[in-house]
Each structure stands twice: as structure tokens, then as C-alpha cells.
Amino acid sequence: MVQALVGAIVAVVCVGLVCLAMAARVVKQYERGVLFRLGRVAGDVRPPGLTLIIPFVDRLQKVNMQIVTMPIPAQEGITRDNVTVRVDAVVYFRVVDAESALIKVEDYKFAVSQMAQTSLRSIIGKSELDDLLSNREKLNEGLELMIDSPAVGWGIQVDRVEIKDVSLPDTMKRSMARQAEADRERRARIINADAELQASKKLAEAAEQMSDQPAALQLRLLQTVMAVAAEKNSTLVLPIPVELLHFLERGGGPQPGTDGEAGQREPAALTENRAPSAEQAPREPVALTENPVPNGDGGSFAG
């Protein structure tokens, strides 16, 4: 009798331990538990820790409350300025209401993924190419608002949406490269022109300053010669001022009223002596005829 009682107690204890093991559930710190009793939500969301359920009656569904990083597949679309682009992004979201995430949507991750793809295609169609390339912060905010609006009812909060990459056709890349090169060339020309303008103003001021002191020009010339000679060049170009040439012409030329007049008249005199007059001009020789005409004395003469 005693042995039967002991066996019954042991059996009850074993069954109790088995039922306790089946009823015990552990909810992790980053999870929340939603209890379904006979298919209906029973009670509040279970916090982290050990919780008990009724075996074969209750079912505890755990929901991860961590931030989920979900990449959005690359979407191809046409921008508002008719440029075909391929854009991919990434969305960060988390569950704030575990009960709504399980009841109001079948698979909240798949739902957020599809909503992010459609929103990204919509953003591509409403934006221009320059906005996709340079004004991404504004587009990220618009994309986040479009995804977060329906996700709020699912117990989902979208923390951030970022556009990762914008792929352009090769022809568009070459066109943009040529445009950027032309713009840089234009700016370089403007900078060179501005530098030439400033240099011309400084040169004008320097010329005005040197005009007051002519010796300054000679000193500057000597400095230039010294700078060129320091390069050990085989050829040295020495500029000579035009004023120096005029000075040499005035100093080395003949004085008026002296030998200069004689020197200027000598070519005329030589020309007069060399030029034959009409009387002294030689006559052309008269060719002799083959048949001389006899004269009265029986001789002949040449006409």
C-alpha cells in the first residue's frame, strides 16, 4: 500500500514537472510576448522574463523589438526630366506595438519591404536627376514619410531611410563628365581673365611710376638680364629701348647746314654727270647696205 502511494506521488510529481516545463516560457530582453488563448489575444503583452501559459490551450508568440535593417532592392525608373536611373536604398524600422504587428498585418517585414519599393519608385518619378544626386536629404525625408504613414497602423515605426546608390547609363555619365569639364574650363578661363585684368592694372601703375623716373626702367631691365643670365642659357636676348635708338640716331647723324647737305647733294650731282644729254647721246649705228650706191665720181658711199 505504501509503495503504491509512493509511486502515485512520484507519478504526480513527474506529471507536474512535465506540465511545468511545457507551461514555462522565457521572453528575452529584446522581445515581447503576445499570448493567444484558443485563438484570441489574452491579457497584455508579456514582458521579458519567465512567463507561464496553459499547455495545449495557450500559444505565446514572440516579437523582436530590435531595429531591423532592411535593404530595398534596386528600382529602375524614369525621373521627371526623362532620365532612366536605377536607385537602391536601405530602411531602418522597429516594432513599437507587438500586438498590432501580429494582428493587423500578416508579415510586417514583407509589408514594409513592398511599401518601401513602391515608395522608392514613386520618389524617382517625382524627382529630377539633380535632386537624386545632390539633394538626397530631402528625398530621404519624403521617402521616410511615405513609408511611415501606413506603417504606423501596423505598430511599426520607421526610424530612417537612406538612398544608397544611383546608377546612371554610360551615355549619361559621359555627358555629365563633358559638362563638368566644360564648366571647369569656363571657370579656369574666368580666373585667367581676372588675373590678366589685375596684372594689367598693376602693370599700368608700374608704368606710370616708371615714367616719372626713367632710371627705374633701366634698373628693371638690368634685373631681367641678371635673372635670364642666372639660368645659364646659351642665348641671351637683350631688349633695347626705342628711346635709346632714337638717341643714337640723333647723336650719330650729320648736322644740318654742313657736310650733310653736300653729302645729300652728291648723289644728285653724280646723277647729273652720269645722265647723258640729248646732244651727247650716241647715235645708233647705221647698218651698211649690201649693194652700195655709186656716186658721181664712180665711188660708193653708205647711207
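Residues satisfying the side-chain hydrogen bond (donor to acceptor under 3.5 Å, both in side chains) test with Arg160, not counting sequence neighbours, are Glu162. Scanning for side-chain hydrogen bond (donor to acceptor under 3.5 Å, both in side chains) contacts around Ser122 gives an empty result, with sequence neighbours left out.
Counting heavy atoms from C-beta on, the side chains of Val13 and Ile9 come closer than 4.5 Å. Residues Val87 and Leu120 are in side-chain contact: their nearest non-hydrogen atoms beyond the backbone lie under 4.5 Å apart. Contact of the Pro150 side chain with the Met115 side chain is registered, since non-hydrogen atoms from C-beta on lie closer than 4.5 Å. Residues Asp130 and Asn135 are not in side-chain contact: their nearest non-hydrogen atoms beyond the backbone lie 4.5 Å or more apart. Under the 4.5 Å side-chain criterion, counting only non-hydrogen atoms from C-beta, Gln117 is in contact with Pro73. Using a 4.5 Å cut-off on side-chain heavy atoms (C-beta onward), Arg178 and Arg174 make contact. Looking at heavy atoms from C-beta onward, Val68 lies out of side-chain contact with Tyr92 at the 4.5 angstrom threshold. At a threshold of 4.5 Å between non-hydrogen side-chain atoms, the residues Ser127 and Thr79 do not count as touching.
Scanning all heavy atoms of the two residues, the minimum distance from Asp88 to Ala74 falls at CB-CA, 3.7 Å. Pairing each heavy atom of Leu129 with each of Leu168, the nearest pair is CD1-CD2, 3.5 Å. Between Ala89 and Ile163 the shortest heavy-atom distance is CB-CA, 3.9 Å. Nearest approach of Gly142 to Ile123, heavy atoms of both residues: C-CD1, 4.3 Å. Shortest non-hydrogen contact noted between Arg32 and Gln29 is NH1-O, 3.2 Å. Closest of all the heavy-atom pairs between Phe93 and Val158 is CB-CA, 4.0 Å.
Going from atom CZ of Phe36 over to atom CD1 of Ile103 covers 5.0 Å, rounded to the nearest 0.5 Å. The CH2 atom of Trp154 sits 14.5 Å away from the CG atom of Leu102 when rounded to the nearest 0.5 Å. Rounded to the nearest 0.5 angstrom, Arg187 CZ and Asp194 CG are separated by 15.0 Å. Here Gln179 contributes atom CD and Arg184 contributes atom CZ; the two are 10.5 Å apart, rounded to the nearest 0.5 Å. Within the model, atoms CD1 of Ile147 and OG of Ser113 stand 9.5 Å from one another, a figure rounded to the nearest 0.5 Å. Here the CE atom belonging to Met176 is positioned 12.0 Å from the CG atom belonging to Asp183, to the nearest 0.5 angstrom.
Atom NZ of Lys62 sits in a crowded spot, with more than 12 heavy atoms from other residues, nucleotides or ligands closer than 6.0 Å. At most 12 non-hydrogen atoms from other residues, nucleotides or ligands lie less than 6.0 angstrom from CD of Glu208.
Grouped with Val18 in one hydrophobic cluster are Met22, Phe56, the linkage being side-chain heavy-atom contacts under 4.5 Å among Ile, Leu, Val, Met, Phe, Trp and Tyr residues. In the hydrophobic clustering, Val57 connects to Leu38, Ile54, either directly or through intervening members, whenever side-chain heavy atoms lie under 4.5 Å apart. Through direct or relayed side-chain contacts under 4.5 Å between Ile, Leu, Val, Met, Phe, Trp and Tyr, Leu35 connects to Val27, Ile53, Leu60.
In this structure, Ile78 is not a member of the same hydrophobic cluster as Ile124, with clusters built from ILVMFWY side-chain heavy atoms closer than 4.5 Å. At a threshold of 4.5 Å between side-chain heavy atoms, the hydrophobic network of Ile, Leu, Val, Met, Phe, Trp and Tyr places Val41 and Val95 in one connected group. Linking ILVMFWY residues whenever their side-chain heavy atoms come closer than 4.5 Å, directly or via other members, places Leu133 and Leu139 in the same cluster.
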CA sep, side-chain torsions, deciding dist, call: Lys109, Met70, side chain to side chain contact (heavy atoms under 4.5 Å, CB included): CA-CA 9 Å; Lys109 291 184 178 181; Met70 177 180 294; 4.0 Å; yes
Residues Arg25, Leu50; criterion side chain to side chain contact (heavy atoms under 4.5 Å, CB included); working and verdict: CA-CA 6 Å; Arg25 294 289 185 273; Leu50 180 64; 5.9 Å; no
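Looking only at distances, no side-chain donor or acceptor of Asp81 sits under 3.5 Å from a matching main-chain atom of Glu128. Looking at Ser200, its side chain does come within 3.5 Å of a backbone N or O of Leu197 through a donor-acceptor pair.
Between Arg189 and Glu185, at least one side-chain nitrogen of the basic residue sits less than 4.0 Å from a carboxylate oxygen of the acidic one, meeting the salt-bridge criterion.
If you check the side chains of Arg46 and Thr51, you find a donor sitting under 3.5 Å from an acceptor.
Every pair passing side-chain hydrogen bond (donor to acceptor under 3.5 Å, both in side chains) that includes a residue from residues 94-103 is listed here, sequence neighbours excluded: Arg94-Gln157, Asp97-Ser100.
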